[in-house]
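Indexing begins at 1, ligand by ligand and atom by atom, following the structure's order. Computed over heavy atoms, backbone and side chain alike; hydrogens, waters and symmetry mates excluded. Residue indices begin at 1 and follow the sequence shown.
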Amino acid sequence: RIERLIAREILDSRGNPTVEVDVFLKNGLSGRAACPSGASTGIHEAVEKRDGDKRFMGKGVQNAVHAVNESIAPRLIGMVASDQSDIDALMIDLDGTKNKGKFGANAILTVSMATARAAAASEGVLLAQYLNSDCYLLPVPCMNIMNGGAHANWQGSDFQEYMIAPVGAPDFPEAMRWGCEVYHTLKSVLKKKGLSTGVGDEGGFAPTVPSNHEPASLIVTAIEEAGYSPGKEIALVLDPASSAFYEEETYILRTEGKKLKSGEMIDYYQDMVGKFPIISIEDALAEDDWNGWKELTKKLGNKIQLVGDDLFVTNPERIRRGIDEKSANAVLIKLNQIGTVTETIEAIKLAQNVGWGTMVSHRSGETCDSFIADLTVALSCGQIKTGAPCRGERVEKYNQLLRIGEVIGKKTSYAGKSGFKYHT
Ligand code: PGA
Ligand code: ZN
């Protein structure tokens, strides 16, 4: 049972405040969790409560911390930590808004995650084992090795993320090794070309480039130079995060001086998929371009995975609409977009039940909390994206996956190609 609960303000990887929560149980065990934060956030996400005063340029989270300590904690004391759905339902009820706007999703989620951690500690097992005692799949690590868009202060490509997915690796540790080797090789490819090797928010390189094809092409060169076969062994995964360059129903590709309508943007992707070994594109179109998404899925949905991030915001209601309208064939999962562990698991199961892909994701603002690593394995999502193999807050998730693989080795397998169902 929960004895005590404390929230505090800590810092994330961008030097912005975020919420951390400790849940203490009567049996002396405890759980800790911290909340991540996005930069290219979807407009339909649950509310991230910021103080909006002079501290930290308005980004303080003292009100969210206060909400946990004063309003949530007193109601949770005495509850059983493993009654996750009751705890989450109570917090949703106490908040009383549809978008967790009263307490903030950053307050509610962090309590939700810390509670699960405390319950796992109480049972003496890994969080992954606590969430699911018998179904384990180690995911394909989608490593974001070139950053653009908002994650590179719009100095690089318009597209936000260029990831490598070692689908052909025999197991998870090998997949990580392959990815790291390509990352280091890419660094020397960039150096030779006189391009910057400074990194963006998610640890990928972020040089100025003349087009959105260029990073893909540099990565293919790095895959080959590292001795792997592009496509067969290591495939490409994109997240253009297109809501960020969508204005007045037009996709604006600044680097290429192009202004494209939805249909033309789809043609652009079709051309790109023909030129590069791309197996998945996330947020190819904007968060409310529902018609465009339908068209995109008709044209590309039987060739590659089409993932909705800002489109679905891990919200079961929006995912249901997407399923009905055949808007995509996969969903991105971010705990803080919806705000409780229970609703996140509901979103994952909803997508999995109709055969959609599920990719679990970090945020561009992170801490060293590695909750998503355990969640991905427990729910057999088969795919995770948590940045480049660079920057502690990114690497910590990959390291946790290595640990999980070691602890429950015999009960795990590596998702590999089967993690991406829609790749033909
Ligand atoms: P964000 O970006 O965390 O900055 O929202 C991640 C993504 O778009 O997938
Ligand atoms: Zn995204």
N/O/S atom of Glu161 inside 2.8 Å of the Zn ion (ligand 2), strictly under: no
Rounded to the nearest 0.5 Å, what separates atom NE2 in His44 from atom CD1 in Ile338? 12.5 Å
Using the salt bridge (charged side-chain N to carboxylate O under 4.0 Å, His left out) rule, take Glu9 and Lys59 through it: C-alpha gap first, then chi angles, then the decisive distance, then the call. CA-CA 11 Å; Glu9 189 180 66; Lys59 292 195 169 162; over 6 Å; no
A student checking ligand 1 against Asp239 at a 4.0 Å heavy-atom cut-off should list atoms 7 (C), 8 (O), 9 (O)
So Pro139 and Leu401, do their side chains get closer than 4.5 Å, heavy atoms only? yes
Working to 10°, measure the angle at the Zn ion (ligand 2) formed by atom OD2 of Asp309 and atom OD2 of Asp239. 170°
List every atom of ligand 1 that sits less than 4.0 Å from any heavy atom of Gly38, numbering the atoms from 1 in the order shown and giving each element. 1 (P), 3 (O), 4 (O), 5 (O)
Per-atom filter on ligand 1: closer than 4.0 angstrom to a heavy atom of Asp309 are 7 (C), 8 (O), 9 (O)
protein heavy-atom neighbour closest to atom 8 (O) of ligand 1 works out as Gln160 NE2, 2.9 Å
Evaluate the criterion salt bridge (charged side-chain N to carboxylate O under 4.0 Å, His left out) for residue pair Glu366 and Arg363; output intermediate values, then yes/no. CA-CA 6 Å; Glu366 269 291 342; Arg363 299 305 303 247; over 6 Å; no
Is Glu317 paired with Arg321 through a side-chain N to carboxylate O contact shorter than 4.0 Å? no
Atoms of ligand 1 less than 4.0 Å from His151 heavy atoms? 1 (P), 2 (O), 4 (O), 6 (C)
Does a side chain donor of either Arg14 or Ser364 reach within less than 3.5 Å of an acceptor in the other side chain? yes
Which of the atoms of ligand 1 are close to Glu161, meaning less than 4.0 Å from one of its heavy atoms? 6 (C), 7 (C), 8 (O), 9 (O)
If you measure every N/O of Ser40 against every N/O of ligand 1, is any gap under 3.5 Å? yes
Distance (rounded to the nearest 0.5 Å) between Leu335 CG and Leu375 CG: 5.5 Å
Just distances here: any N/O of Ser364 and N/O of ligand 1 closer than 3.5 Å? yes
Assess whether a salt bridge exists between Arg403 and Glu396, defined as any Lys/Arg side-chain N lying under 4.0 Å from an Asp/Glu carboxylate O. yes
Which heavy atom of the protein is the closest neighbour of atom 9 (O) of ligand 1, given with residue, atom name and distance? Lys385 NZ, 2.6 Å
Between Lys385 and Asp309, does any NZ, NE, NH1 or NH2 come within less than 4.0 Å of an OD or OE carboxylate oxygen? no
protein heavy-atom neighbour closest to atom 5 (O) of ligand 1 works out as Arg363 NH2, 2.7 Å
Nearest non-hydrogen protein atom to atom 7 (C) of ligand 1, with distance, is Lys334 NZ, 3.1 Å
With respect to the Zn ion (ligand 2), what is the nearest N, O or S atom of Glu282? OE2
